[in-house]
**Student:** 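Here you go, one structure.
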Amino acid sequence: MENKNNNENELIKERRRKLSLLREHGNAFPNHFRRKNFAHEMHLKHDASDKESLASAQIEVTVSGRMMVKRVMGKASFIKIQDVSGQIQIRMERDRLPEGHYQDFKKWDVGDILNITGILFKTNTDELTILADQANVLTKSLRPLPEKYHGLADQETRYRQRYADLIMNKDSRDVFLARTKIVSFIRSFLDSQDFMEVETPMMHSVPGGAVAKPFETHHNALDMKLYLRIAPELFLKRLVVGGFERVYEINRNFRNEGVSTQHNPEFTMLELYRAYADYEDFMQLVEDLMRGISEVIHNSLVINYQEQSIDFSKKFQRLTMEEVICKYNKDIKSENIRDLDYMKAYAERMGIKIQANYGPGKIQAEIFDKTCEQHLISPTFIYAYPTEISPLSRKNDDDSFITDRFEFFVSGRELANGFSELNDSEDQSQRFLEQVSNAAAGDEEAMSFDHDYIRALEYGLPPTAGLGIGIDRLIMLFTDSPSIRDVLLFPYMRHENFD
RNA sequence: GGGGCGUUAGCUCAGCGGUAGAGCAUUCGGCUUUUAACCGACCGGUCGUAGGUUCAAUCCCUACACGCCCCA
């Protein structure tokens, strides 16, 4: 029962003693009490009532929640309990409660989960309070809560013991409430446009749909290697081939890469596909979606993120990849921006390591990452991505160096990636071959040749637009969170040693 | 992978080369309208881990672990 690293100290021993007393007096974990009222609902209804009318109304309420504050003053006490909706104060009086109950109550601890029945009244300072007639412990809490004033501040504990963080920090609860609200807004936004939510495999025999290192796993019965998916893209487009013309999926992707304030090994992605649309339609969709979320969460089109003001009210800026590179690299000669030798020399001067298989498009992307992305604070679309780094995107009709692809940036971060889908199976086959040769040249992130996907394209994918939005980064933006860990209920952490 | 910062009581934090500190919480006593309630007393520590330097290390040095931030 005891384990050293679990802080089995005197405080917990004391509470275990109290729990065994509760056990002696009957069921220590009763589950027959029923709540009738929520804290927030009572405040809404009665905060404005005056003392006298509340006293004459004699409103009986029953609440359940965790005791967060306990102030004992001799024969009467004030406590506060917290339920999912908020907090409410309760007054306990020795002479009002059943015989002996007040003495029992004095042994209860902050953190215990209680059920209280009583009459609503206003205190001298006009605080809505329940005058208790009945009080019971539903769950004894064995671990002391963090200090009442400063709360739980330690980042590591907040991430590892999210339950304690959620008990103590309203800001943290609010982030996750906003997260849920945003995701459900996205669903209703897409559902109202006749998109169909689907689920596609999380384990792939051929990893694909993105440029990233996968996690590997093994299926024992079938004795086969499987990969946790890095993207659902190729499966969703198979569904469009099948005739589901508008599909989306909100689910986890897994990438075997570093951890940072922007990256977690598993993260949530929205991907959507719409037949008979192109990337410009999806730029518009991104604008509509961002404005919708901004209104739902902040009731405004201007929000604040980490001291930056972000304005969604104006039409979002649009620049091509080459335009933005020239904008932030004044010394690049635009006529040479597709010249391999020129670009290679330029990139190397700025410290970018150029691998043998890099073409001018890949070098453009490297320069963009290093010199442009950080400046894209206001909502901005960068479009016309090089074909070389866009193996699943449709080539531009007038210029095969680029594709009909965009990425969307806010506060210096990529939030979305969308394009007109490559639906020419023969072109796609060529692009896969180039990826395979990159892999042979040592590129660990290059895509594999997906034969079944080519087969699907050969049946015919209608002209289609696709879009992916990183949900976690989106939540960061709208909850003003500096780290992805702040918007993940259980962020990745190194294994905790309990020895 | 590199650099910086951090790890002291259950929590929030001070501190110092010479017996380890505060507030809150706990325990005991007082208190029937409190708001970080208040008043009094007590209790609470392998100072992240392992080495090293030193008469003496929580403090200085090294390595490691974990975390946060920045860079690749």
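Each chain gets a letter, A, B and so on, in the order its sequence line appears, and its residues count up from 1. Just so we're clear, the structure is a prediction, and the values are computed from it rather than from any experiment. Computation of the quantities below employed the complete heavy-atom set of this structure, encompassing side-chain atoms and omitting hydrogens, waters and symmetry-equivalent molecules.
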**Student:** Quick check: any donor-acceptor pair below 3.5 Å linking the side-chain of A/Q89 to the base of B/U34?
**Tutor:** yes
**Student:** Can you work out whether A/V72 or A/K107 has the more 5'-proximal nearest nucleotide on RNA chain B?
**Tutor:** A/K107
**Student:** Take atom CE of A/M350 as the centre, draw a 6.0 Å sphere, and report whether it contains more than 12 heavy atoms from other residues, nucleotides or ligands.
**Tutor:** yes
**Student:** Could you state the OH-C1' distance from A/Y149 to B/A36, rounded to the nearest angstrom?
**Tutor:** 7 Å
**Student:** Does the plane of the ring in A/F432 sit parallel, tilted or perpendicular to the ring in A/F449? Use 30° and 60° as the thresholds.
**Tutor:** tilted
**Student:** Pick the P atom in B/G4 and in B/U19, then give their distance to the nearest Å.
**Tutor:** 32 Å
**Student:** Which is true for A/T157 with a 4.0 Å heavy-atom rule: it touches a base, it touches only sugar-phosphate, or it touches nothing?
**Tutor:** nothing
**Student:** Run A/E93 and A/Y102 through side chain to side chain donor-acceptor pair (under 3.5 Å) and show every step you take.
**Tutor:** CA-CA 7 Å; A/E93 292 183 356; A/Y102 189 74; over 6 Å; no
**Student:** Can you check whether A/S260 has a side-chain N or O nearer than 4.0 Å to OP1 or OP2 of B/C70?
**Tutor:** no
**Student:** For A/K148, which contact category applies under a 4.0 Å heavy-atom criterion: base, sugar-phosphate, or nothing?
**Tutor:** sugar-phosphate
**Student:** Counting only side-chain N and O atoms of A/R485, is one of them less than 4.0 Å from OP1 or OP2 of B/C69?
**Tutor:** yes
**Student:** Base, sugar-phosphate or nothing for A/M168? Non-hydrogen atoms, less than 4.0 Å.
**Tutor:** nothing
**Student:** Who is the Watson-Crick or G-U wobble partner of B/C64, with both distances under 3.5 Å?
**Tutor:** B/G48
**Student:** Under a 3.5 Å cut-off for both contacts, is B/U27 paired Watson-Crick or G-U wobble with anything, and if yes, with which nucleotide?
**Tutor:** B/A41
**Student:** For A/Q161 and B/C66, what is the distance between atoms CD and P respectively, to the nearest whole Å?
**Tutor:** 17 Å
**Student:** Which whole-number value in Å describes the distance from A/R494 CZ to B/A65 P?
**Tutor:** 8 Å
**Student:** Just call it for A/G151: base, sugar-phosphate, or nothing, with non-hydrogen atoms closer than 4.0 Å on any strand.
**Tutor:** sugar-phosphate
**Student:** Send over the distance from A/N124 CG to B/A37 P, rounded to a whole Å.
**Tutor:** 18 Å
**Student:** A/M493 side chain: which of B/C31, B/G67, B/U12 is closest?
**Tutor:** B/G67
**Student:** If we take the C1' atom in both B/C59 and B/C69, what is their distance in whole Å?
**Tutor:** 25 Å
**Student:** Take atom P in B/G45 and the same atom in B/C38, then report the distance between them in whole Å.
**Tutor:** 25 Å
**Student:** Regarding A/N124 and A/K51, is there a side-chain donor-to-acceptor distance under 3.5 Å anywhere?
**Tutor:** yes
**Student:** Taking the same atom, P, in B/A20 and in B/U49, what whole-Å distance lies between them?
**Tutor:** 16 Å
**Student:** Assign A/D154 to base, sugar-phosphate, or nothing according to its heavy-atom contacts below 4.0 angstrom with the strands shown.
**Tutor:** sugar-phosphate
**Student:** Under 3.5 Å, is there a donor-acceptor pair between the A/S172 and A/N169 side chains?
**Tutor:** no
**Student:** Between A/K80 and B/U35, is there a contact of a side-chain N or O with OP1 or OP2 at under 4.0 Å?
**Tutor:** no
**Student:** For B/U19, give its Watson-Crick or G-U wobble partner with both distances under 3.5 Å, or none.
**Tutor:** none
**Student:** Please determine, for B/U53, whether a Watson-Crick or G-U wobble partner exists with both distances under 3.5 Å, and give it or none.
**Tutor:** none
**Student:** With a 3.5 angstrom cut-off on both distances, give the Watson-Crick or G-U wobble partner of B/A36, or none if there isn't one.
**Tutor:** none
**Student:** Taking 4.0 angstrom as the limit, do A/E127 and A/K122 come out as a salt bridge?
**Tutor:** no
**Student:** Going by purine N1 to pyrimidine N3 plus the second Watson-Crick contact, or the G-U wobble pair, all under 3.5 Å, which nucleotide sits opposite B/C59?
**Tutor:** none
**Student:** Is the closest basic N to carboxylate O distance between A/D165 and A/R173 below 4.0 Å?
**Tutor:** no
**Student:** Does A/R71 make a side-chain N or O approach to OP1 or OP2 of B/A37 shorter than 4.0 Å?
**Tutor:** yes
**Student:** Under the 3.5 Å rule, do the base of B/U33 and the side chain of A/T125 count as making a donor-acceptor pair?
**Tutor:** no
**Student:** Between A/K18 and B/U27, does any side-chain N or O lie under 4.0 Å from OP1 or OP2?
**Tutor:** yes
**Student:** Using the C1' atoms only, state how far B/C68 lies from B/A36, rounded to an integer number of Å.
**Tutor:** 28 Å
**Student:** Once you apply a heavy-atom cut-off of 4.0 Å, does A/V110 come out as touching a base, just sugar-phosphate, or nothing?
**Tutor:** nothing
**Student:** On a whole-Å scale, what distance lies between the P atoms belonging to B/C47 and B/G10?
**Tutor:** 12 Å
**Student:** Take the protein atom NZ of A/K13 and the nucleotide atom C1' of B/U27, then report the distance between them rounded to whole Å.
**Tutor:** 14 Å
**Student:** In this structure, how many angstroms lie between the P atom of B/G48 and the CD atom of A/E156, rounded?
**Tutor:** 14 Å
**Student:** If you look at every strand shown and take non-hydrogen atoms under 4.0 Å, does A/E14 touch a base, only sugar-phosphate, or nothing?
**Tutor:** sugar-phosphate
**Student:** Heavy atoms only, 4.0 Å cut-off, all strands: where does A/F121 land among base, sugar-phosphate and nothing?
**Tutor:** base
**Student:** From C-beta outward on A/P144, which listed nucleotide comes closest to its side chain: B/U12, B/G10, B/C11?
**Tutor:** B/G10
**Student:** Start at the 5' end of RNA chain B and walk down; is the nucleotide closest to A/F78 or to A/T261 reached first?
**Tutor:** A/F78
**Student:** Once you measure the plane-to-plane angle for A/F381 and A/F408, does it fall in the parallel (<30°), tilted (30-60°) or perpendicular (>60°) bin?
**Tutor:** tilted
**Student:** What's the gap between B/C42 and B/G21 when it is taken at their P atoms, as a whole Å value?
**Tutor:** 15 Å
**Student:** Determine the interatomic distance between P on B/U27 and the same-named atom on B/C70; round to the nearest Å.
**Tutor:** 42 Å
**Student:** Please report the shortest heavy-atom distance between A/L142 and A/R16, naming the atom on each side.
**Tutor:** CD1-NH1, 3.3 Å
**Student:** Take the protein atom CG of A/N169 and the nucleotide atom C1' of B/C11, then report the distance between them rounded to whole Å.
**Tutor:** 12 Å
**Student:** Please determine, for the side chain of A/T123, which listed nucleotide (B/C31, B/U35, B/C11) has the closest atom?
**Tutor:** B/U35
**Student:** Taking only side-chain nitrogens and oxygens of A/R91, does any of them come within less than 4.0 Å of OP1 or OP2 of B/U32?
**Tutor:** no
**Student:** Below 3.5 Å, does any donor atom in the side chain of A/E127 face an acceptor in the base of B/U35, or the other way round?
**Tutor:** yes
**Student:** Measure the distance from CZ on A/R158 to C1' on B/C11 and round it to the nearest whole Å.
**Tutor:** 14 Å
